[in-house]
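Just below is one structure, and these are the notes that go with it.
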Amino acid sequence: MSKKRKTIGVITTDIYETYQRNVMRGIQREAAACGYDVVVFSTFLKAGMWFGYLAAEQNIYHMIEYGRLDGIILMPDHLMEFERSRKLPGILKERYKGPVVVLDYQIADFPCVMEEDSGLLRPVLEHLYHEHGSTDIACMTGMEEHPHARQRLQSYRDFMEEHGLPVKSDRVFFGDFWYNKGEEVLERLLRSPEGLPQAVCCASDNMGISLYAACRKRGIRVPRDLVITGYDSESGGNILPHFLTSVTKDSESLGVNAVRRLASLLEGKEISLARQQDRLAPGSSCPCGIGWEESQADHLEKQFSQAGFGFYHECNFMMEDGIAMRSLEECLWKIDWYLRFLGDISGYSICLCDDWQGSARDDEKYRREGYSSRMKLIYHRYGEDRSVDLQREFPLSEMLPSLWEEREQSAIYYITPLHFMDRCMGYSAMMFEGESSDIPSYYWDWLRNLCNILESMRRYLNLEKLNESLTEAYLLMERNAVTDELTGLYNRKGFVLYTRQQLELAAREDRELVVLVADLNDLKGINDCYGHMEGDYAIRHAALAIRAFLGQENNMYARGYRTGGDEFAAVLAMRMSPGELARRIEALEGYLEEVNRQSGKPYRVSVSYGVSREDPAGADLNRLLQRADQLMYQAKQKYKREQKQKP
């Protein structure tokens, strides 16, 4: 059935981060209320990553079928730090004609939903001023060119001016929203003629933590000697709960408003936006929690180490278990078991490029950019139904087959790239129905395990294939070493190697040993009169006559040999009645008669032969061959006499 529900796409990164998870919770909640499905296309990007890894992450943009989406929400904040991601607005303008809403970032020609300007740093500044009487307050914001850094700095300037407090240049610092600038800012504060301020208001919790760490190194007590506050307690507060006094952003309302703005464009009517409800989160880095620093600071490292305890410490052997598998099917069922770590998901899919396995012999030529036009849906789960199907394919233009199936509830899909370094393998999709959509904080690590398992399996499969081809090559080389190229019978080396095995086999299994020795008549005359090509013709048909004698047998019990230029042998380890032996000889002679009747050649192809047989117990192969050779010699002499008697 074709799906009737509208589908909106969300392009973002790092969906496991608290801020993104909360925004996505708001997006899904509002989308479910509107009856929309949501497809999230997410990368995992970190500054300092190897460029090949970054490129492989951003490869996910190549699988988006923009025209099949009814609307798009772009969350470009962290994405815009990376070169290829900065091209996304241009790609959307060029390839997509539907409505696009940008969240928390200003991009020309696109409507946007921003965090409300009335809040920002104001809740912590109000708290410092009114509750603790702080008037000498410094500000540490983000990168100077970053719009969020400018907005948060402006909220600081506005508050200070409203309360008649000076904004001094040596009290304003530009950081990085991360953990790298605390030492530098503290050094500059200590060098200031005015010394330390009463408080530093940081525009992110991460920067607040870095400043606190620098103070601890210098013996500066927080909050007795310096009060530190943060912003967006979701980013750092989950690691150090109740530590920084901070602002908890109402990120969910941003997601709600992004969907409402998009719905207004889709439905053609104005929909009111939800009011953002940021709130103060009091912590222990201001005098409200005096005493916490002495009792808890020594345990900071322990608190850091316990982040993500569940996935990393509950006997998780996902990678080892996956790598230990020896078939792709087993590997996928093992991954299925480890899906339990992802919580209460509704579905999961693994889609690989049709050339994901590559080649063990030509490992430099592999897919780095884009996906194959047809994808393999090798694993799919929906509810309790699970399937592993290595042959199921779908066109890339569908992105994911289940997106277009009709369901009772709306759903959200998280599509993320699968790759090993810069080798593109495919993508995966996690699905939630209804309003539940909590992505685990360790999802990137779970996916990296999945990618490493797939790469290990890819290498194993290629080594298996290479081993098979090497084995085939060895067997072919072995066959060529003991096989006559012209006739396909075993050559002299094969005769020496296999006849003794046949003698031992006959003795071991109480079988009779039958030996036929044959000689092609007048090969020299054929070569001299008609050329060597005709001689080869005669040799090939003499060999086929030997095969006729062997009949259906062509194994260790019955083998044919070309032991010389015009000499042949057949050795059979089997009990044979006189009647069966006669039928085999008749087959040999009958084959040659038929060849001569149909060939129209000016010569006849014939062989002289002798047969010897005896019980293998105590038998000597050389003696058997000698006896057969004598019989063949007698037949040869008879043939020559007959030829001389012909007019």
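Values below: all heavy atoms of this structure, side chains included; hydrogens, waters and symmetry mates excluded.
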### Residue pair Ser608, Asn521: steps toward the side-chain hydrogen bond (donor to acceptor under 3.5 Å, both in side chains) verdict
CA-CA 7 Å; Ser608 298; Asn521 292 320; 2.8 Å; yes
### Task
Could you please spell out the steps behind the salt bridge (charged side-chain N to carboxylate O under 4.0 Å, His left out) verdict for Asp519 and Lys636?
CA-CA 8 Å; Asp519 188 273; Lys636 189 81 167 178; 2.3 Å; yes
### Message
Evaluate Thr487 against Asp484 for side-chain hydrogen bond (donor to acceptor under 3.5 Å, both in side chains), listing each step before the verdict.
### Response
CA-CA 6 Å; Thr487 64; Asp484 176 60; 2.6 Å; yes
### Message
Pair Gln58, Ser85 - check side-chain hydrogen bond (donor to acceptor under 3.5 Å, both in side chains), show working.
### Response
CA-CA 7 Å; Gln58 295 169 93; Ser85 300; 2.6 Å; yes
### Message
Between Glu398 and Glu65, does the side chain to side chain contact (heavy atoms under 4.5 Å, CB included) criterion hold? Intermediate values first, please.
### Response
CA-CA 8 Å; Glu398 285 188 16; Glu65 190 71 17; over 6 Å; no
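Between Phe341 and Tyr338, the ring-plane angle classifies as parallel under the 30° and 60° cut-offs. Aromatic ring orientation, Tyr561 versus Tyr490: tilted (interplanar angle from 30° to 60°).
Under a cutoff of 6.0 Å and an axis angle of 45°, Arg340 and Trp337 form a cation-pi pair. A cation-pi arrangement is found for Arg559 relative to Tyr498, the charged atom lying closer than 6.0 Å to the ring centre and inside a 45° cone about the ring normal. The cationic group of Arg386 does not satisfy the cation-pi geometry with Trp333, failing either the under 6.0 Å distance to the six-membered ring centre or the 45° limit from the ring axis. Geometrically, Arg368 engages Tyr366 in a cation-pi contact, judged by NZ or CZ lying under 6.0 Å from the ring centre and within 45° of the ring axis.
A salt bridge is defined here as a Lys NZ or Arg NE, NH1 or NH2 lying under 4.0 Å from an Asp or Glu carboxylate O, and Asp522 with Arg604 fails to meet this definition.
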Contacts under 3.5 angstrom, residues 87-94 side chains, donor-acceptor by atom type, not counting sequence neighbours:
unit_1	atom_1	unit_2	atom_2	d
Lys93	NZ	Ala108	O	3.4
Lys93	NZ	Asp109	OD2	3.2

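Every residue two or more places apart in sequence or in another chain was checked for a salt bridge (Lys or Arg N to Asp or Glu O under 4.0 Å) with Arg326, and none qualifies.
For residues 507-530, the pairs satisfying ring-ring contact (aromatic ring centres under 6.0 Å, His included) are Tyr530-Tyr603, with sequence neighbours left out. The list of salt bridge (charged side-chain N to carboxylate O under 4.0 Å, His left out) pairs with a residue in residues 563-572, not counting sequence neighbours, is empty. For residues 526-542, every residue pair satisfying the salt bridge (charged side-chain N to carboxylate O under 4.0 Å, His left out) rule, not counting sequence neighbours, is listed here: Lys524-Asp528, Glu534-Lys601. Legend: ring-ring contact (aromatic ring centres under 6.0 Å, His included) pairs involving residues 369-393, not counting sequence neighbours, sorted by first then second residue: Tyr371-Tyr427.
To the nearest 0.5 angstrom, Arg459 atom CZ is 5.0 Å from Phe420 atom CZ.
Counted by atom type alone, Ser42 and Thr12 present zero donor-acceptor pairs between their side chains at under 3.5 Å. Judged by distance alone, the side chains of Gln630 and Gln634 never bring a donor and an acceptor atom under 3.5 Å apart.
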